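Below you'll find the structure, written out as structure tokens, and then a few comments.
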Amino acid sequence: MSKQKSTILDVLQQQFAELEKQMNGATNSDAHLARKSAFDSFKEVGLPNRKHEEYRYTPLSKELNSHFESFIANPDLAEVSVDLDQLPDLNGCVIVFVNGSFHGPLSKICLEQGVDIQVSATQNELMSNEPEVNVSSDVFSGLNLALASSGVEIKIAKGTVLKDPINLVHISNSKHGRVLAMPRHKISVGENAQATITEIFIGGGYHSSFTNSVMETSIAPHGILNHYKVGFDGENDLRIDNTTCRQERNSVLNTLNVNYGGKVVRNNLNILVEGEHCETNLDGLYIPISDGNIDNHTVVDHKVPNCNSNELYKGIMGENATGVFNGKVFVRQHAQKTNAFQSNKNILLADTATINTKPQLEIWADDVKCSH
Amino acid sequence: MLKIENLKASVEGTPILRGINLEVKPGEIHAIMGPNGSGKSTLASVLAGREEYEVDEGSVTFQGNDLLELSPEDRARAGVFLAFQYPVEIPGVSTTNFLKAAVNQVRTYRGLPELDAVNFLKEMKEKMKIVEIDQALLRRSLNEGFSGGEKKRNEIFQMAMLEPTLSILDETDSGLDIDALRIVANGVNTLKSKDKATIVITHYQRLLDYIIPDFVHVLYKGRLVKSGGKELAHELEKRGYDWIKEEQEQISA
């Protein structure tokens, strides 16, 4: 009998078994149980294929299946040479993750009053914080919960105004072998505090890489968060980013998501507006390379009255590039006086380029102004 | 200039202000701080003459006149200005037209000739610099589609144009990032003069780093329970409002 071909699911199963082994002494801890249940439900659901509405135009699972059927382990961090020139000149704190692991020597963690930065390098540390599971039910987000290996938690104390941005740099370097990275971060902006967080994703390398990152943010009343993301992915990089934000009353969220390149890049941005008089601005730009696919799925959930959201995403597609935009805006029944505007503009530079765009406004309230 | 005596007010039968006494003299900046639901916005609305608020007792005298007797528009003509916490949008009315009408109303009341278009625009261009507002914004309908910061800057711009004797800023700092806050504060400071007064209502102390108040009052459960200089604001920022609440409970116990 011939040996059965292994699949990405086997690889992930193996990863999880490895991880469980490392959690010696911590088995049956809350953290372990949370991971286990996350992995079990992932196994049950499986990777989404084209039949799943949310992943219809995103061949992420297909690519994963064909490139990660026999993944072994990430190349040793010491062997990975990071070209320092790749790193842009950055003000303020710089926290670097290479292939999903925290990289101390490249990082510069400065201590500013009112800012608490906790880097978790091991699985156990990471899971001591409760995940905000109710915000996103995405299958990849669940997979990250099960397999996340390192991340950072940043707390901005009440009333603190951050002078410089905090930079999170993710480098995926697949020169020496395939890479699987699952960083998991959490940021909370305190009452009346103001912060700017910049996330930079740098890819590249001959082998395939898969980054599945999670970023959970929350903004307390009167807080302001500027969250900027820039992705420079290589032609062999697969990446999915799951970002959630919970906004309390009178808070402001400005997000900017710029993506250039990548084999398949998927951004899930979920914003929950839970307090009145919030302002939410979502901007994005995507320029996929030929045969590349960049997909932006955004959700703004207006649960309460008197909030504004404003969304503008633009794309440029040439040759055989594919862009996807799906913008959901929910205006719940009680969310009267909501202003929700959405716009997606695209340029196709060739007949062979594709854009799949779908504005999706679901409005249950009757005294609102919404447009797309 | 402004004298509030034993002011009591309610909304739909619920008493909110329970006896406010405050005197504001020309040239002074008063800050009113307080926890959520203490009555800060109600006080501002009562002074501006919003109809939802019922004045049950007390008096407010503004430059010798009974302010409560005046209609909201007469209060505005007399030189009272309220910068809203949540400015309303007026579709179809450009900011420029809105302001031209408002400015000329005030001028007529003061016995000054109305400004013609040329002089009005000249005046507007000058005042635009104060709050670093873009002209394109003024051509658009009032506040429609403006960001939170733009709305607040527009409020201060209106204040600059109307040159009120008494300005009340109701949580003008909410939703502003530090740069916008600086612009707004700078606008208020530029407009300060010895015959004008300002009441700044805020939950946080940050704005008062830029607009330095002469007096700070704490409003709690509809009464001004504590007054002091600007150091009181710093104390509130550091210690929160809980100690005020405790102090009050001890007094009432």
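All values derive from a computational prediction rather than experimental measurement. Lettering of chains follows the sequences in order, A, B, ..., and the numbering in each one begins at 1.
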Once you round to the nearest 0.5 Å, how far does CZ of A:Phe341 lie from SG of A:Cys370?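 Between atom CZ of A:Phe341 and atom SG of A:Cys370 there are 7.5 Å.
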
Can you tell which part of B:Glu171 gets under 4.5 Å to a heavy atom of chain A, answering side chain, backbone, both or neither?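 Interface part for B:Glu171: side chain.
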
Heavy-atom distances under 4.5 Å only: say whether A:Ala193 touches chain B with side chain, backbone, both or neither.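 Contact with chain B is through the backbone of A:Ala193 alone.
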
Could you tell me which portion of A:Asn308 (side chain, backbone, both or neither) has an atom closer than 4.5 angstrom to a non-hydrogen atom of chain B?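 The answer is the side chain of A:Asn308.
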
What residue, out of A:His277, A:Lys369, A:Lys158, A:Glu279, has the most heavy-atom pairs lying under 4.5 Å from chain B?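 Among A:His277, A:Lys369, A:Lys158, A:Glu279, the one with the most close pairs to chain B is A:His277.
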
Could you walk me through whether A:Arg184 and A:Glu216 satisfy the salt bridge (charged side-chain N to carboxylate O under 4.0 Å, His left out) test, starting with their C-alpha distance in whole Å, then the side-chain angles of each, then the deciding distance to 0.1 Å, before giving a yes or no? CA-CA 8 Å; A:Arg184 187 177 187 89; A:Glu216 295 179 322; 3.6 Å; yes

Quick one: does A:Met215's side chain get under 4.5 Å of A:Glu199's, heavy atoms only?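 Yes; the side chains approach each other to less than 4.5 Å.
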
Between side-chain atoms of residues 34-43 of chain B and protein atoms elsewhere (two or more places apart, or another chain), which donor-acceptor pairs fall under 3.5 Å?
unit_1: B:Ser38; atom_1: OG; unit_2: B:Pro35; atom_2: O; d: 2.8
unit_1: B:Ser38; atom_1: OG; unit_2: B:Leu219; atom_2: O; d: 3.4
unit_1: B:Lys40; atom_1: NZ; unit_2: B:Gly34; atom_2: O; d: 2.6
unit_1: B:Lys40; atom_1: NZ; unit_2: B:Pro35; atom_2: O; d: 3.4
unit_1: B:Ser41; atom_1: OG; unit_2: B:Gln85; atom_2: OE1; d: 3.2
unit_1: B:Ser41; atom_1: OG; unit_2: B:Asp170; atom_2: OD1; d: 3.3
unit_1: B:Ser41; atom_1: OG; unit_2: B:Asp170; atom_2: OD2; d: 3.1

